[in-house]
Amino acid sequence: MAKRTEGKEDQEKLTGTGKAAGRRSAAKGVTPDASVPPEMPGEQPVPKPRATRSRANTAEPMAPATGEAVPVKRGRPRKSPGTEQVIPPVALPEAPPVAATVAAAEAKPQEERNVYYDVSRLTEFDIYLFREGKHFTLYEKLGSHPMEHAGSQGTYFAVWAPNAEQVSVMGDFNHWNRESHPLQVREDHSGIWEGFIPDVKAGMLYKYHIKSRYHLYHVEKSDPFAFAREMPPQTASIICDMKYTWNDEAWLQNRKQLIGKSQPFSVYELHVGSWRRKPEDNNRPLAYRELAEVLPAYVKEMGFTHVEFMPVMYHPFNGSWGYQVTGYFAAASLYGSPQDLMHLIDALHQEGIGVILDWVPSHFPTDEHGLAYFDGTHLYEHADPRKGYHPDWNSYIFNYGRNEVRSFLISNALFWLDRYHADGLRVDAVASMLYLDYSRKHGEWIPNEQGGRENLEAISFIKDFNEAVHERFPDVQTIAEESTAWPAVTGDVEHGGLGFNMKWMMGWMHDTLSYFSTDPIYRRYHQGDITFSMIYAFSERYMLPLSHDEVVHGKGSLIRKMPGDEWQRFANLRALYAYMYAHPGGKLMFMGGEFAQTSEWNHDSSLDWHLLQYNNHAGVQQLMRELNHLYRQETSLYERSFDSSGFEWVDIADTHNSVISFLRKGNSPQDHLLVVCNLTPGTHEHYRIGVPENGSWEEILNTDDSRFGGSNVLNSGPLQTVAEPYHGRNYSLELTLPPMAVVYFKYRPGTGIADTTNAIG
């Protein structure tokens, strides 16, 4: 069978693997039939990739299928998971003019309404940028902002709801009254409602009560731009002062100095709620500030360069792991306040550790309080379910062709880089955005205007996102979780690429785990699994992921994937990690993998830290610690990581012994490393390897070292080259290959028996 560009097997096939099961549970009990909007009458035209203008009053007007008023509870709803209801919409006629929608509110005197309309944070230029999809700091304009007006302290509110008849602010300051504090729609047809309410202060709760123009539909919505939310299952927004005094200036300055320079990239992926828990306190997760006391020191000691947090944006259901976001601008309140999260990131920066945040622009849940069906129409999501509904995750897909939605999403990305000082964004589920037929059967999707399966609007949005990020924050990284062979994911936008800094190498992950899960006796027939990745390793700037997706949904932990008895399983895992760190590309390790967590990851439980009392687990942790520090120290492991000149095969033909060997090259020959992998349990003595340089080679890492739990078969002292050609090279070494192990050798020039005649550059 012909091999794929991205690995021998289908990686993350377009069938909803990965986070699908976790995300399905986030639908809160809503069945797929209840969530899927019915087919629209006829096919809607597909917008061009970049609309030049978006009219505020042309959102597809949709309403409940019954045409009857939808009853809603009075006062602030107190819902728990499983109670959200999705309203199935159908098409309706064109909306009436905006000017006729606020007569009831304007009938009251201003002093009686206690809302001031003579103040705005929005200029005409703001509205222009918003409509063009080019306003990237909307979080400074929309939402709730404490301020002073007319000599009174209060809060300015602004929300986009172009198909609303009335929008009111309800909260604990007015006993959740839906009528007492109406906002006023702007006269510029932007669909933005705004107003200033005195004596409403930071810390108060609120929601928007929205009456739609259609079929008397009305609903209570959380603020899409709220900086804070109640703790789940409550969903009210919180007026929030975002002031925080940062202490990471040295980190940010150093980050700027590294622009364009090669640097090691070793990422520790972490789920805040399950890294470590408090069993003595009802097994609760650590809060942000509690994490700040222990996490930076641990990550620094382990040698990782970055932490990647699974989504820390507000999500009402923990079982979604954060990938079902309803509060895009709010930190997950289960672990503390926005300032608490800032403190955690600040603490990591002060220890020299970067922070990457998972970001989810690919879909959003159907929860009634969130973005879905926001003003009685499909405002944020695409109206046609063939483009606007995600069958795998029971969620809605953003309308990337609507300029106001693009402004919302790109503003959100920049918000986390600006206000939270994040050093990068890992963009989730990019493949689902790129393809119109992603996880869809024939007849369940519509082609683009060119007749193809590519989502031209999403592609245009992704390019805009990357350009906006790199223009404003050239020293941060954007990383794509993209599982297909889409070309130039990390290519420059001006040359037709998507503009990401790195892409997860899903093909490497699938092929490598398949190989290491195979019994060693059969590995001679599968050597191509572990060598195939080098065919395409430099087609993109790759990161090698061993992520949370590989240790959930019945897949078991990494150590449980390894074959053989206990000794062989641990030796296999150590060899896997050393091979990974020697392979070109950035590295990502999910928490628990660094000490061989035995149980499958459970988001409701702590990692099994008690395992470190056992030598095998402590040995794996020690190996990971040394690999990370060696990765930082040896420039050949990262200097040419995205360039084919940094890698050279020595031998991949010894399939009988399941041995492979290769060179990692730095900018100087003195930095070169020789890596030899013996991937069976047998020891090989007097094993000859061809090398291109005369001199000596010193063993600097051996996964069979007893310090890591191995059998301690080592190569002591520098090994001298001999003038015996081998593997097409003028010199060779005689090695001892330990069982099921990977060994690194460092080149030491000028100490061999002959002059150098075939130097490597």
Sub-3.5 Å donor-acceptor pair from the side chain of [X] to the main-chain atoms of [Y], do we have one?
| X | Y | answer |
| --- | --- | --- |
| Tyr323 | Met310 | no |
| His470 | Ala468 | no |
| Thr377 | Asn163 | no |
| Asp172 | Met204 | no |
| Lys278 | Asn283 | no |
| Asn403 | Arg131 | yes |
| Ser337 | Asp340 | yes |
| Asn282 | Arg284 | no |
| Gln339 | Asp241 | yes |
| Glu290 | Ala287 | yes |

Side-chain contact test, heavy atoms from C-beta onward, threshold under 4.5 Å: evaluate it for [X] versus [Y] and give yes or no.
| X | Y | value |
| --- | --- | --- |
| Arg472 | Phe136 | yes |
| Val307 | Ile356 | no |
| Val469 | Leu414 | yes |
| His181 | Ser168 | no |

Flag for [Y]-[X]: side-chain donor and acceptor within less than 3.5 Å:
| X | Y | answer |
| --- | --- | --- |
| Ser180 | Asn174 | yes |
| Asn318 | His603 | no |
| Ser395 | His363 | yes |
| Ser120 | Arg186 | yes |
| Asn394 | Tyr389 | yes |
| His421 | Asp346 | no |
| Trp251 | Asp423 | yes |
| Tyr156 | Glu194 | yes |
| Ser460 | Arg406 | yes |
| Asp367 | Thr326 | no |

Considering non-hydrogen atoms only, spot the tightest contact between [X] and [Y] and give its length.
| X | Y | value |
| --- | --- | --- |
| Ala161 | Asp375 | C-OD2, 3.5 Å |
| Met313 | Asp358 | CE-O, 3.4 Å |
| Arg276 | Ser606 | CA-OG, 3.6 Å |
| Ala158 | Ile192 | CB-CG2, 4.3 Å |
| Thr155 | Pro146 | OG1-CA, 4.0 Å |
| Gly322 | Val360 | O-CG2, 4.5 Å |

Identify, with sequence neighbours excluded, every residue that meets side-chain contact (heavy atoms from CB on, under 4.5 Å) alongside Glu148.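 Per chain and number, Glu148 pairs via side-chain contact (heavy atoms from CB on, under 4.5 Å) with Gln153.
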What pairs with Ala226 under side-chain contact (heavy atoms from CB on, under 4.5 Å), at least two apart in sequence or on another chain? Tyr206, Asp223, Arg229, Ser237
Do [Y] and [X] have ring centroids that are under 6.0 Å from one another?
| X | Y | value |
| --- | --- | --- |
| His271 | Trp321 | no |
| Tyr373 | His378 | yes |
| Phe465 | Trp359 | yes |
| Phe227 | Tyr139 | no |
| Tyr420 | Phe415 | yes |
| Tyr380 | Tyr396 | no |

Return the [atom1] to [atom2] distance between [X] and [Y], rounded to the nearest 0.5 Å.
| X | Y | atom1 | atom2 | result |
| --- | --- | --- | --- | --- |
| Gln477 | Leu417 | CD | CG | 11.0 Å |
| Ser222 | Tyr314 | OG | OH | 7.0 Å |
| Met433 | His390 | CE | NE2 | 10.0 Å |
| Leu183 | His209 | CG | NE2 | 12.5 Å |
| Leu357 | Leu341 | CG | CG | 7.5 Å |
| Lys207 | Trp176 | NZ | CH2 | 7.0 Å |

Check the pair Val312, Val272 against side-chain contact (heavy atoms from CB on, under 4.5 Å), reporting the backbone distance first and the verdict last. CA-CA 8 Å; Val312 292; Val272 170; 4.0 Å; yes
Residue Glu280 excluded, over 12 heavy atoms near CD under 6.0 Å: yes
In this structure, are over 12 heavy atoms from other groups packed under 6.0 Å from Glu187 atom CD? no
Between His382 and Ile397, is a side-chain contact (heavy atoms from CB on, under 4.5 Å) present by the stated rule, with each step listed? CA-CA 6 Å; His382 201 287; Ile397 300 171; 5.9 Å; no
Verify side-chain contact (heavy atoms from CB on, under 4.5 Å) between Val200 and Phe196, making sure each step is shown before the conclusion. CA-CA 9 Å; Val200 175; Phe196 173 84; over 6 Å; no
The test is side-chain contact (heavy atoms from CB on, under 4.5 Å); show your working for Leu142 and Leu122 and say whether it passes. CA-CA 8 Å; Leu142 301 185; Leu122 293 154; 4.1 Å; yes
Tell me, with the steps shown, if Lys256 and Asp475 meet salt bridge (Lys or Arg N to Asp or Glu O under 4.0 Å). CA-CA 5 Å; Lys256 292 177 182 178; Asp475 49 346; 5.8 Å; no
Among Phe408, Phe374, Phe130, find the residue that satisfies the ring pair (Phe, Tyr, Trp, His ring centres under 6.0 Å) test when tested with Trp160.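 It is Phe130; the other options fail the test.
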Under 30°, 30 to 60°, or over 60°: which ring-plane class applies to Tyr400 and Phe461, parallel, tilted or perpendicular? parallel
Does the pair Arg402/Glu381 count as a salt bridge with the N-to-O cut at 4.0 Å? no
Less than 4.0 Å between a side-chain N and a carboxylate O, is that true for Lys134 and Asp464? yes
Which is it for Thr478 and Asn466 under the side chain to side chain donor-acceptor pair (under 3.5 Å) test, yes or no, and what are the steps along the way? CA-CA 7 Å; Thr478 59; Asn466 275 311; 2.8 Å; yes
